[in-house]
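Handing you a structure now.
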Amino acid sequence: MSSSAPPVLPVSTVSTVQSAESQPDVVAASVFRAFFNHINDYLRNGLSQRRPWAELTDRSAFSKPESFSEATLRLRKNYSYFRVNYLFVVGCILAFSLLSHPFSLLLLLVLLLSWIFLYLFRPVDQPLVIFGRTFSDRETLGSLIIFSVFVVFLTSVGSLLISAIMVGFGLVCAHGAFRAPEDLFLDEQEPATPGFLSFLGGAASNAAAAAAATPGIATRL
């Protein structure tokens, strides 16, 4: 008695196609999550090293330096101790300057979002298409560079950023030169704080690892 082979059921590929189409969205979400998680960890680590503001504003510790070398030495010691506080002050001045100039803030946000969505986190296998025209990676990068130069140097954004940073730098130098650091515990071992370039490198590495977790998808990070 011959046994008949079991019937072959038709397998639908709709779910496979939908999964492949939704894969870039899942990877993009993973990349963004990894990037912003790294930013959150970096900020928390920095804020944990913030010194009490009472020490920063203690009026009894201010005195006139006797020489330029003493002022320089004070500035170095105070910066080493109040580094996070100083960066917070400069950041607040920069934020206030941008908030008081909404047009410059809008241009800066547009520039930042353009780099994020059009180049940094756009999958390599998805070309940029605008108004029916496909742009290569080289054309996209060149356009973003030209747009960045235009925003920074040909609008009020560049002068606003430079002015805010210079004001913050002047306040930091004045405080560091006139605040006597004798009451500060400068000899204690402090945990190393990663610099801005190290932060960007770590964020890019985490984002690239999240993107590489899904086969067939890569990003420019």
Side-chain angles (χ1 to χ4, degrees), residues 35-36 38-112 115 144-205:
F35 184 77
F36 287 111
H38 188 83
I39 292 178
N40 187 36
D41 295 340
Y42 180 83
L43 292 177
R44 287 185 177 182
N45 181 50
L47 291 177
S48 66
Q49 301 179 35
R50 177 177 53 86
R51 303 299 182 176
W53 291 102
E55 294 184 8
L56 186 77
T57 58
D58 185 10
R59 292 186 298 178
S60 62
F62 286 88
S63 62
K64 182 180 179 181
E66 297 181 357
S67 62
F68 179 78
S69 59
E70 181 183 358
T72 305
L73 181 61
R74 286 185 178 185
L75 179 58
R76 290 175 55 189
K77 291 183 177 180
N78 283 318
Y79 176 77
S80 178
Y81 189 80
F82 294 113
R83 176 175 58 249
V84 177
N85 301 72
Y86 286 158
L87 292 177
F88 183 80
V89 170
V90 174
C92 287
I93 294 175
L94 186 60
F96 177 78
S97 300
L98 290 174
L99 290 175
S100 60
H101 297 79
F103 180 73
S104 298
L105 177 60
L106 179 61
L107 281 178
L108 195 61
L109 289 177
V110 170
L111 176 62
L112 179 61
W115 277 99
L144 288 173
I145 292 176
I146 294 175
F147 181 54
S148 302
V149 172
F150 172 79
V151 170
V152 174
F153 295 102
L154 299 181
T155 65
S156 59
V157 173
S159 60
L160 182 65
L161 294 177
I162 294 176
S163 301
I165 292 175
M166 292 300 294
V167 170
F169 182 75
L171 289 178
V172 167
C173 290
H175 181 275
F178 283 90
R179 203 234 187 255
E182 284 77 13
D183 62 328
L184 304 180
F185 298 97
L186 300 176
D187 294 333
E188 63 181 1
Q189 295 294 329
E190 300 179 3
T193 303
F196 183 69
L197 294 180
S198 300
F199 157 69
L200 288 181
S205 300

query = At what distance, to the nearest 0.5 angstrom, does CG of L94 lie from CG of L87?
reply =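 Taking CG in L94 and CG in L87, the distance rounds to 12.0 Å.
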message = With heavy-atom distances below 4.5 Å as the criterion, would you say the side chains of W115 and I145 are in contact?
response =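 Yes - at least one pair of side-chain heavy atoms lies under 4.5 Å apart.
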task = State, yes or no, whether a side-chain contact exists between V149 and L154 at a heavy-atom distance under 4.5 Å.
result =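 No. Closest side-chain heavy atoms not under 4.5 Å.
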task = May I ask you to decide if Y81's main-chain N or O and R51's side chain share a donor-acceptor pair within less than 3.5 Å?
result =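 Yes, because the side chain of R51 sits within donor-acceptor range (under 3.5 Å) of the backbone of Y81.
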key: From CG (L171) to CD1 (I93), nearest 0.5 Å   =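 That separation rounds to 4.5 Å.
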task = Supply the atom-to-atom distance S67 OG to L73 CG, rounded to the nearest 0.5 angstrom.
result =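 Here the rounded value is 9.0 Å.
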ask   = Going by the angle between their ring planes, with limits at 30° and 60°, are Y86 and F82 parallel, tilted or perpendicular?
value =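 Correct class here is tilted.
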message = Give me the atom names and distance for the closest heavy-atom approach of V151 to V157.
response =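 Result for this residue pair: O-CB, 3.5 Å.
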inquiry  = Show the nearest heavy-atom pair for residues P65 and E70, with the distance to one decimal.
reply    =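 Closest approach of P65 to E70: C-OE1, 3.8 Å.
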request  = Could you tell me whether a side-chain N or O of T72 sits under 3.5 Å from a main-chain N or O of F68, the two making a donor and an acceptor?
outcome  =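 At least one qualifying donor-acceptor pair exists.
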query = Closest approach of L56 and F62, non-hydrogen atoms and distance?
reply =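 Looking at all heavy atoms of both residues, the closest pair is O-CZ, 3.8 Å.
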key: L160 versus S97, closest heavy-atom pair with distance   =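 Nearest pair, atom of L160 first, then S97: CD2-O, 3.7 Å.
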message = Any non-hydrogen side-chain atom of S104 less than 4.5 Å from a side-chain atom of T155?
response =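 No. Closest side-chain heavy atoms not under 4.5 Å.
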request  = Give, for atom OG of S148 and atom CG of L111, the distance between the pair rounded to the nearest 0.5 Å.
outcome  =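 Going from the OG atom of S148 to the CG atom of L111 covers 4.0 Å.
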inquiry  = Would the distance check show the side chain of S159 and the main-chain N or O of S156 forming a donor-acceptor pair, the cut-off being under 3.5 Å?
reply    =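 Between the backbone of S156 and the side chain of S159 there is a qualifying donor-acceptor contact (under 3.5 Å).
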Expected output: side-chain H175 to main-chain N78 donor-acceptor under 3.5 Å =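 Such a contact is absent between H175 side chain and N78 backbone.
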inquiry  = Testing R179, R74, E182 one by one against S63 for a side chain to side chain donor-acceptor pair (under 3.5 Å), which residue passes?
reply    =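 Per the side chain to side chain donor-acceptor pair (under 3.5 Å) rule, the option paired with S63 is R74, out of R179, R74, E182.
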inquiry  = Within a 6.0 Å radius of atom CZ on F169, are there more than 12 heavy atoms belonging to other residues, nucleotides or ligands?
reply    =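 Open.
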